[in-house]
Amino acid sequence: MQQQMAATVEEQMMVKAIRDECPWETLPKRIQAAVVSKDEWHRRIVDYCIRKRLPWNNCFARKVCKEGEYYEDLLRYLRRNLALYPYHLADYICRVMRISAFKYYCDVLFEAMKNEQPYDSIPNFSAADALRITGVGRNEFIDIMNKCKSKKIMWKLSKSIAKELLPAQPADLAIEPWWGVRFVNFTLEEFKKLSEEETIAIDKICKEEVNSYVLFDPEVINCLYRRGGVYFDVPVYPEDRFRVSRLEGFVSNKDQSYEDPIEELLYAVFVVSSENATVAELAKTLQADLYQLQAAASFACRLGWAVKLLDTDSALRDSSATALPSNVLGDDEEGSRMSINSERSCPELLSSDCDGPRKISGTAYVGFIVDANVTSYLMMGSLSPGLKSHAVTLYEAGKLGYSCIADLCNDLASLEGKKFEGVLQEFANHAFSLRCFLECLLSGGTSPNESSDGNCQDDLSSPLSKKSIEEGADNVVGNNGSQHGDTPQQEYPTVDSQASSPSSIISRGMESVAENDFDSRQMVTQNDNSQATELDGPAVRKTKRNYRVNILRCESLASLAPSTLERLLLRDYDIVVSMIPFPHSSVLPSTAGPVHFGPPSYSSMTPWMKLALYTSGSCGPLSAVFMKGQRLRLLPEPLAGCEKALIWSWDHSVVAGLGGNFEENLVRGGLLLHYLNSMTRHSAVIVQPLGIKDLDESGNLVTMDVPLPLKNADGSITSALAGTDLPEGQMSNLTALLEDLSSKVELSTVGYLRLVRLHRVSESSELPEKESFEWIPLNLEFGIPLFNPKLCERICERVVDSNMLQKDDLTEHYESMQTVRKRLRELCTEYQATGPTARLLNQRGGSKNSPRQLQLMNIVSGRWSPFHDPSSPTQGGTSPGEHVRLKLGRRQKCFTEVLSFDGSILRSHALTPVYEAATRSVTEDQPSPSPKTDSEDSDTKDVVLPGVNLIFDGAELHPFDIGACLHARQPLSLIAEASAASLAMK
């Protein structure tokens, strides 16, 4: 390990010495000892410059080797690695050496064929560019190899057969008018063979300062290009802006295994690029070298993957002037000194306002974050060919821009009315949900009669009918086969709380996307100027806010540096929306960034959120939390004798198909001990026992999903329950529950609240059938559930009814998420391993050395208050689980209470006030310590595990002592003493 660290330090010192252009004589002794000789040092310099693709005249290599030798070594390195053609070095490689991109890629293809390498061995971008230049793709490559191998002995003797089968001339290119035309160094014989038109064109290129392709005869230039007489320059300037389009012609081969800074930048450019940000601003966002970023953007334009947004005089720009900075190894400060001209990147926007949410003025920019599973569903191009191109762009580029959203919705609309089965049904569910939510966003979350005359545009596509939604949701609602639904959604029948609501309320009111080829800056200016209000009688009517949506892949965002991601979100987006389930490996926006309709923190994606929901609303199912690493010999009373139980792991780890947040988690009571011991080996676990009366006739739970936001624009919640087919008693219970929860729990976000129907526990022996059940909250999810089309549609309708997307600011949502973060932070701080409750109840050490612990146990032992007479076993009309639930609800409660199970009886004891203070995170008479900031909370992905066993009794959360249920454990000191005694006896 020390040798590896030393080698790393030496390599870093060498890189710094090369950047500083230190000659051999001035090198530190440590580097001289590692390099051995001056020639070896010169070789290291050349290797470094080649790996960085640096031009000879601007790097240290110019002082140690000749220009021709340097570029020959560079091309040998590139051919050996089947690398990308260095277009930014074409001024020497193509003009002087006469090695064009066509000739280079023919050599690369021949290199792969000669070594009998498969086509997949050619890296992604190299294969895509070779296909564009030579016309040789996967099928052509395989065909040539088959022809070569068919000649058997001739192929083994001479590999040159493959070169003869490669194209003799380059394929036709799609050339943009603003591309520059450059000529190569002609020999005298070549110059004499030029036609009169070609001679005039060459003379014009030499004399004119402007040499854009649009100024020449295309036939003459194309003829010269096919003969290798000219090549094309794609100039990129720091003030240029780009829009990333679909990755047409992308070849999905392996990633490069060699170092190529330009190729590596391409993926980041795809994600970070914005038509409102200049190239200089992109370099600042990525903290990348401006020269390399310009080269990457230029290559993306060559392949048609990026579209340059031109000014009126851009086509006449002097393309003979260098578009790349001369100092390629400049400091980062040089990029920061570049002029910032973007409207969306102004200092006012980038300044973080931690005192409240960001204001949204003019057009709102939305980033919808999905995971790689969505791209895999869209990849099923056999269902809709256009979707495959969108899927490739989203997967490889990590982003599907606003200009592609209209085409995506149209392609998704082509699936309407089709029947699917099996895995294809899962694809259809995501497709229907994705289109529904995109249309909701693009319509601004408004109904048809709220459309503003000043912003009316053509319809995007045909409306998404209710029939198609219901057909696409057959395997989601009421079916037990869905793989991505939450556990109750998956296995248990679900009550359709919106059976008759029309989905077309979103589609018919959806505004169309603007034309693809527009200047975004002009559109932004028009939208900003259109936000004036007009008087309509006595009331003031505001112009509807427009929304522009980008789809982002969370894995691509996670690959960015945290600081880069924060700058990207601040610069380009006002609102970020996450899908459900949101991968835990994803990166959440900071509280100072855009408004986030998704998980407020990483702990909200763990069972901590369940406990926060239950404790805030003082309502929830009986739940027991078990620490990681425990092994039980018997189940404590709340779990013993239960018919079935719900079980989740804390970090979403899945054991034998159980534990994940969206996995099948309902287990039989007889197997609960086995599953519990298996799962606590890997993570903490939360268990919710269920009695036989809590289940329906088929032995499953009955759940219902309530779409959020809960309240309408006028503050009512009645429409959230419209169409719910429930008995009058359960309906009144449901309404009262939601009204009570809305006053205690923040439900003004986008997502859904899952309720579960349980048997009502009462002292009376019999209850009316309509009142024998009650609805209680089970879980709260933030974001858009793409796996459930009906639920997604209802959430979109709630967005319309609440008018949340047309509000001037989202203060209510911001404050709601702040409250949720605070509650989660308090729970984690209180009950984690280093929290006050865990430290008090899990003190280790002998009683002789811990007088305080001995005094505490003496006090506690005198205050036992059993739930029932130990001599009277649990009997009667109620099941054991219901009996415990009833006793827990009837007992007299105090401020700090600990529940304990001694193997036969569940007891409760209270701590004296002096010890109550030890379990409080903040006392009433002491100043509050500085809490953990929201940014700190959102920046950590570490799962905080509970450090003490807990039990939620239906109203409050308490520590849970189950020492009698655990396998026997001996103190380490006793084990060591016994081992020493046994050795002495031998």
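Small disclaimer: the values here were computed from a predicted structure and weren't measured.
Summarising the local packing, CD of Glu219 is surrounded by 12 or fewer heavy atoms from other residues, nucleotides or ligands at distances under 6.0 Å. The environment of CZ in Phe186 is crowded: more than 12 heavy-atom neighbours from other residues, nucleotides or ligands sit within 6.0 Å. The local environment of CG in Asp172 is sparse, with at most 12 non-hydrogen atoms from other residues, nucleotides or ligands closer than 6.0 Å.
At distances below 3.5 Å, not a single donor-acceptor pair connects side-chain atoms of Ser298 with backbone N or O atoms of Ala295. Side-chain atoms of Glu140 come within 3.5 Å of backbone atoms of Gly137 as a donor-acceptor pair (strictly under, hydrogens ignored). The backbone N or O of Arg95 lies less than 3.5 Å from no partner atom in the side chain of Arg98, so there is not a single donor-acceptor pair. A donor-acceptor pair under 3.5 Å links the side-chain atoms of Glu281 to the main chain of Thr278, judged by distance alone. Between the side chain of Asp240 and the backbone N or O of Tyr237 there is at least one donor-acceptor pair closer than 3.5 Å. Judged purely by atom type and a 3.5 angstrom limit, Thr375 has no side-chain atom pairing as donor or acceptor with the backbone of Tyr395. Not one N or O on the side chain of Arg62 forms a donor-acceptor pair closer than 3.5 Å with the backbone of Trp56. For the pair Lys204 (side chain) and Asn211 (backbone), a donor-acceptor distance under 3.5 Å is absent. Remark: side-chain polar atoms of Gln294 are paired, donor with acceptor, to backbone N or O of Val236 under 3.5 angstrom. Here the side chain of Ser126 pairs a donor or acceptor atom with the backbone of Leu84 at under 3.5 angstrom.
With no hydrogens or angles considered, no side-chain donor-acceptor pair links Arg571 and Asn276 at under 3.5 Å. Donor-acceptor pairing under 3.5 Å is recorded for the side chains of His390 and Asp411. In this model, a donor atom of one side chain and an acceptor atom of the other lie less than 3.5 Å apart for Glu248 and Ser389. Side chains of Asn124 and Tyr267: a donor on one and an acceptor on the other come within 3.5 Å.
Applying the ring pair (Phe, Tyr, Trp, His ring centres under 6.0 Å) test to Phe102 and every residue at least two apart in sequence or in another chain returns nothing.
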Exercise for the section: Go through the steps for Phe183 and Tyr231 under the test side-chain contact (heavy atoms from CB on, under 4.5 Å), then give the verdict. Expected result: CA-CA 6 Å; Phe183 66 89; Tyr231 63 97; over 6 Å; no
Exercise for the section: Evaluate side-chain contact (heavy atoms from CB on, under 4.5 Å) for Leu82 paired with Ser121, printing each intermediate quantity in order. Expected result: CA-CA 8 Å; Leu82 311 179; Ser121 63; 4.2 Å; yes
Practice task
For Arg138 and Asp120, run salt bridge (Lys or Arg N to Asp or Glu O under 4.0 Å): C-alpha distance rounded to whole Å, both residues' side-chain angles, the deciding distance at 0.1 Å, then the answer.
Solution key: CA-CA 8 Å; Arg138 188 183 306 275; Asp120 291 339; 2.4 Å; yes
Practice task
Apply salt bridge (Lys or Arg N to Asp or Glu O under 4.0 Å) to Glu190 and Arg227, showing your working.
Solution key: CA-CA 10 Å; Glu190 289 176 330; Arg227 300 210 312 266; over 6 Å; no
Practice task
Mind running salt bridge (Lys or Arg N to Asp or Glu O under 4.0 Å) on Glu275 and Arg241 for me, showing each step along the way?
Solution key: CA-CA 6 Å; Glu275 50 195 57; Arg241 302 168 189 268; over 6 Å; no
Exercise for the section: Tell me, with the steps shown, if Leu173 and Ile133 meet side-chain contact (heavy atoms from CB on, under 4.5 Å). Expected result: CA-CA 7 Å; Leu173 293 181; Ile133 297 295; 4.0 Å; yes
Problem - side-chain contact (heavy atoms from CB on, under 4.5 Å) between Cys148 and Ile144, worked out - result: CA-CA 6 Å; Cys148 292; Ile144 293 175; 4.2 Å; yes
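When all heavy atoms of Ala162 and Trp155 are compared, the closest pair comes out as CB-CZ3, 3.9 Å. When all heavy atoms are compared, the tightest approach of Lys399 to Leu552 is CG-CD2, 3.7 Å. Here the shortest heavy-atom pairing between Thr285 and Leu568 reads CG2-N, 4.0 Å. Counting all heavy atoms, side chain and backbone alike, Tyr92 lies closest to Gly68 at OH-CA, 3.5 Å. Minimum heavy-atom separation, Tyr70 to Cys49: OH-O, 3.2 Å. Residues Cys106 and Leu166 share a closest heavy-atom pair of O-CD1, 3.4 Å.
In this structure, Leu303 and Asp129 have side chains that are in contact, with non-hydrogen atoms separated by less than 4.5 Å. No side-chain heavy atom of Leu400 sits under 4.5 Å from any side-chain heavy atom of Asn550. Trp179 has its side chain out of reach of Val214: every pair of non-hydrogen atoms, C-beta onward, lies at least 4.5 Å apart. Here the side chains of Cys94 and Ile99 are not in contact, with every heavy-atom distance at 4.5 Å or above. Residues Lys308 and Arg243 form no side-chain contact, since every pair of their non-hydrogen atoms from C-beta on lies 4.5 Å or further apart. Considering only heavy atoms from C-beta on, Arg79 comes within 4.5 Å of Tyr104 through its side chain. No side-chain heavy atom of Val181 sits less than 4.5 Å from a side-chain heavy atom of Asp233. Between Leu293 and Asp289 the shortest side-chain heavy-atom distance does not fall below 4.5 Å.
Residues Phe232 and Tyr225 bring their aromatic ring centres within 6.0 Å.
Interatomic distance, Tyr402 OH to Ser274 OG, rounded to the nearest 0.5 Å: 13.5 Å. The CD atom of Glu111 sits 15.0 Å away from the OH atom of Tyr105 when rounded to the nearest 0.5 Å. Atom-to-atom distance recorded for Ile262:CD1 and Phe125:CZ is 12.0 Å, nearest 0.5 angstrom. Taken to the nearest 0.5 Å, the OG atom of Ser160 stands 8.0 Å off from the CE atom of Met154. In this structure, CD on Gln169 lies 6.5 Å from CZ on Arg226, to the nearest 0.5 angstrom. Considering CD1 of Ile175 and OG of Ser212, their distance stands at 12.5 Å, rounded to 0.5 Å.
For Asp20 and Lys16, the salt-bridge test passes: some basic side-chain N is under 4.0 Å from an acidic carboxylate O. Ion pair Arg43/Glu40 flagged as a salt bridge, since at least one NZ, NE, NH1 or NH2 atom sits closer than 4.0 Å to an Asp/Glu carboxylate oxygen. A salt bridge between Asp203 and Lys207 is present, with a side-chain N of the basic residue lying under 4.0 Å from a carboxylate O of the acidic one.
Note on ring orientation: taking the six-membered ring where Trp is involved, the planes of Trp41 and Phe60 are perpendicular (angle over 60°, cut-offs 30° and 60°).
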